[in-house]
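What follows is a short report on a single structure.
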Amino acid sequence: MGPAVIGREGGVDRLLRRALAALAVLLAAVAGCTADGAGHGAATGSPSAGGTATAGGAADQADEPAVTLREAARELEELLAADDVARASGEERLALELARDGQHAVTPAIYRSADLAPPRYVWGRPTLLVPRLSGSPHWFAALVERREADNPRARPRTAVLMLVRDAEHVPWRLAFSSLLDEDREVPPVALDEEGYATALAPRDESIKISPHLIGAVHATIAEEGTVAFAKGLFAPGPYTTGYYTEITESRRLAKERDCMNYDSIFAATTYPVHALRLENGGALVFYSLNRTTTWHPVLKCGEGRRLEIPEGARWLLSDPSIVAQRQIVETQQYVSVVPAKNAAAPAEVIAFDGFVTKASAR
């Protein structure tokens with residue numbers, strides 16, 4: 001079956017049962033036996049940091065966690081093994097049954113943009129970040145070393161994963177996946193004496209950027225750079241002010257060289273936002289953005305011109321060139337470190353991954 005996670009407890013039987021159970025759900029859906037027309041990719045409401053929010057503070061913490069560290073380790077192991085079954089067989093529909101939220105949006109791109117088959121990975125021992133929550137949905141994060149199965153010489157990357165379930169006895173699904181920058185480390189997360197983390201409420205005001213605002217602030221800086229009203233809230237870098245520089249140059253080149261009008265805008269998504277308290281009083285925030293880029297010919301000058309579209313969008317468009325308007329949407333998943341409210345340091349992006357998830361032509 002190829003590379004998979006080797007668990008510390010449980011075993012192959014449980015992994016196989018998880019994969020077969022997911023496949024059974026898939027077959028039932030194909031046969032029309034399910035009534036969930038919206039799919040697991042639909043937003044579950046307003047962005048949330050998980051649990052029942054207290055006003056402006058941490059999410060409600062439970063005396064007994066909704067999911068234990070041992071349970072989280074087992075569920076992560078089983079989900080990654082089931083995901084490998086889907087990748088090995090090329091079963092996109094099975095993979096979609098294992099995903100939700102932002103990960104549900106990017107899964108088709110993972111499968112359909114691959115030259116032959118979706119990449120497979122060998123996973124290391126996870127570092128679990130499990131909040132002690134009292135309410136639904138339940139969620140936890142994990143930091144896991146990821147190696148390319150077909151390229152063992154490639155440098156490993158640290159994946160930042162988020163698993164979510166809506167309630168007890170409901171299957172866990174992968175809601176978020178990002179990649180830690182190679183030169184970055186995750187700051188220490190605040191843990192209680194039993195090893196559980198503290199989740200922040202969506203409108204927590206103890207950090208420099210409240211979780212429910214981080215997408216909008218990030219999007220503004222990406223579009224407007226250092227002139228944005230939010231300047232100073234995020235550190236300069238390729239995923240913040242770097243986008244503004246890139247867009248400015250791309251707009252100039254598109255008009256002068258290609259006779260195309262070019263625009264690229266960012267927006268917060270409706271997917272839930274999650275946050276964990278750091279030891280220094282700041283927070284680790286997990287969130288998504290959409291980037292929408294548009295090209296269309298300049299009148300007279302650009303009529304009849306053909307411009308090659310980005311490689312990541314070719315799986316969505318039959319014509320690999322731009323002759324009229326093209327609009328491409330990328331779903332991006334970020335992890336940022338946000339300092340405490342009165343700290344002098346700005347927020348910093350430490351993890352990113354993104355895929356083109358929509359494209360249209362006129």
Item checked: E185 atom CD: more than 12 heavy-atom contacts under 6.0 Å ->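 No, not enclosed.
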
Next item on the list: Evaluate whether atom CG of N151 has more than 12 neighbouring non-hydrogen atoms of other residues, nucleotides or ligands under 6.0 angstrom away.
Entry: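 Yes, because the 6.0 Å sphere around CG of N151 holds more than 12 heavy atoms from other groups.
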
For [X] against [Y], the heavy-atom pair lying closest together:
{"X": "A347", "Y": "I209", "value": "CB-CD1, 4.0 Å"}
{"X": "A86", "Y": "A95", "value": "CB-N, 3.9 Å"}
{"X": "P131", "Y": "L276", "value": "CB-CD2, 4.0 Å"}
{"X": "L133", "Y": "A199", "value": "CD2-CB, 3.6 Å"}
{"X": "A201", "Y": "P211", "value": "O-CG, 3.6 Å"}
{"X": "L200", "Y": "A283", "value": "CD2-CB, 3.7 Å"}

Notebook entry, point to check: Could you go step by step and tell me if I265 and E223 meet the side chain to side chain contact (heavy atoms under 4.5 Å, CB included) rule?
Noted result: CA-CA 6 Å; I265 61 174; E223 288 183 28; 3.5 Å; yes

salt_bridge([X], [Y]) N-O dist < 4.0 Å:
{"X": "E194", "Y": "R132", "answer": "yes"}
{"X": "R252", "Y": "E256", "answer": "yes"}
{"X": "R173", "Y": "D101", "answer": "no"}
{"X": "R147", "Y": "E145", "answer": "yes"}

Report yes if the side chains of [X] and [Y] come closer than 4.5 Å at any heavy-atom pair, otherwise no.
{"X": "I328", "Y": "K358", "answer": "no"}
{"X": "V285", "Y": "V335", "answer": "no"}
{"X": "T357", "Y": "P108", "answer": "no"}
{"X": "Y271", "Y": "R100", "answer": "no"}
{"X": "K341", "Y": "I207", "answer": "no"}
{"X": "V164", "Y": "P137", "answer": "yes"}
{"X": "L191", "Y": "Y196", "answer": "no"}
{"X": "T292", "Y": "Q327", "answer": "yes"}

Checklist line | CA sep, side-chain torsions, deciding dist, call: Y334, H218, ring-ring contact (aromatic ring centres under 6.0 Å, His included) | finding: CA-CA 10 Å; Y334 290 95; H218 189 160; 4.6 Å; yes

Next item on the list: Go through the steps to decide whether V186 and L284 satisfy the test side chain to side chain contact (heavy atoms under 4.5 Å, CB included), and finish with yes or no.
Entry: CA-CA 8 Å; V186 175; L284 197 65; 3.7 Å; yes

Next item on the list: Evaluate salt bridge (charged side-chain N to carboxylate O under 4.0 Å, His left out) for E348 paired with R184, printing each intermediate quantity in order.
Entry: CA-CA 10 Å; E348 291 186 83; R184 301 304 300 263; 3.4 Å; yes

Treating [X] as the side-chain partner and [Y] as the backbone partner, does any N or O pair qualify as donor plus acceptor under 3.5 Å?
{"X": "T240", "Y": "A235", "value": "yes"}
{"X": "D181", "Y": "D183", "value": "no"}
{"X": "K208", "Y": "G282", "value": "no"}
{"X": "Q333", "Y": "S177", "value": "yes"}
{"X": "R157", "Y": "L180", "value": "yes"}
{"X": "S178", "Y": "F352", "value": "yes"}
{"X": "T68", "Y": "E71", "value": "yes"}

Spacing of [atom1] belonging to [X] relative to [atom2] belonging to [Y], to within rounding of 0.5 Å:
{"X": "M162", "Y": "L174", "atom1": "CE", "atom2": "CG", "result": "10.0 Å"}
{"X": "F140", "Y": "L163", "atom1": "CZ", "atom2": "CG", "result": "4.0 Å"}
{"X": "R146", "Y": "Y121", "atom1": "CZ", "atom2": "OH", "result": "3.5 Å"}
{"X": "T107", "Y": "D83", "atom1": "OG1", "atom2": "CG", "result": "8.0 Å"}
{"X": "E92", "Y": "L94", "atom1": "CD", "atom2": "CG", "result": "10.5 Å"}
{"X": "Y244", "Y": "F266", "atom1": "OH", "atom2": "CZ", "result": "13.0 Å"}

Notebook entry, point to check: Between R251 and Y262, is NZ or CZ placed under 6.0 angstrom from the six-membered ring centre and within 45° of the ring axis?
Noted result: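 Pair R251/Y262 does not count as cation-pi.
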
Margin query: When you compare the side chains of S136 and R165, does any donor N or O come within less than 3.5 Å of an acceptor on the partner?
Written below: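 Result is no, nothing qualifies.
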
Margin query: Pairing donors with acceptors under 3.5 angstrom, does anything connect the side chains of Y243 and S264?
Written below: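 Side chains of Y243 and S264: no pair found under 3.5 Å.
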
Next item on the list: Determine whether V160 and L179 fall in the same hydrophobic cluster, where Ile, Leu, Val, Met, Phe, Trp and Tyr are linked whenever their side-chain heavy atoms lie under 4.5 Å apart.
Entry: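 Different clusters: V160 never reaches L179 through Ile, Leu, Val, Met, Phe, Trp or Tyr contacts under 4.5 Å.
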
Check: Please, which pairs that meet salt bridge (charged side-chain N to carboxylate O under 4.0 Å, His left out) have at least one residue in residues 238-248, sequence neighbours excluded?
Finding: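 As it turns out, the salt bridge (charged side-chain N to carboxylate O under 4.0 Å, His left out) pairs with a partner in residues 238-248, which skip direct neighbours, are E246-R291.
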
Next item on the list: Could you walk me through whether H138 and W172 pass the side chain to side chain contact (heavy atoms under 4.5 Å, CB included) test, one step at a time?
Entry: CA-CA 9 Å; H138 306 149; W172 289 89; 3.7 Å; yes

Item checked: Criterion side chain to side chain contact (heavy atoms under 4.5 Å, CB included) on V338 and I214, from CA distance to verdict -> CA-CA 9 Å; V338 181; I214 193 166; 3.6 Å; yes

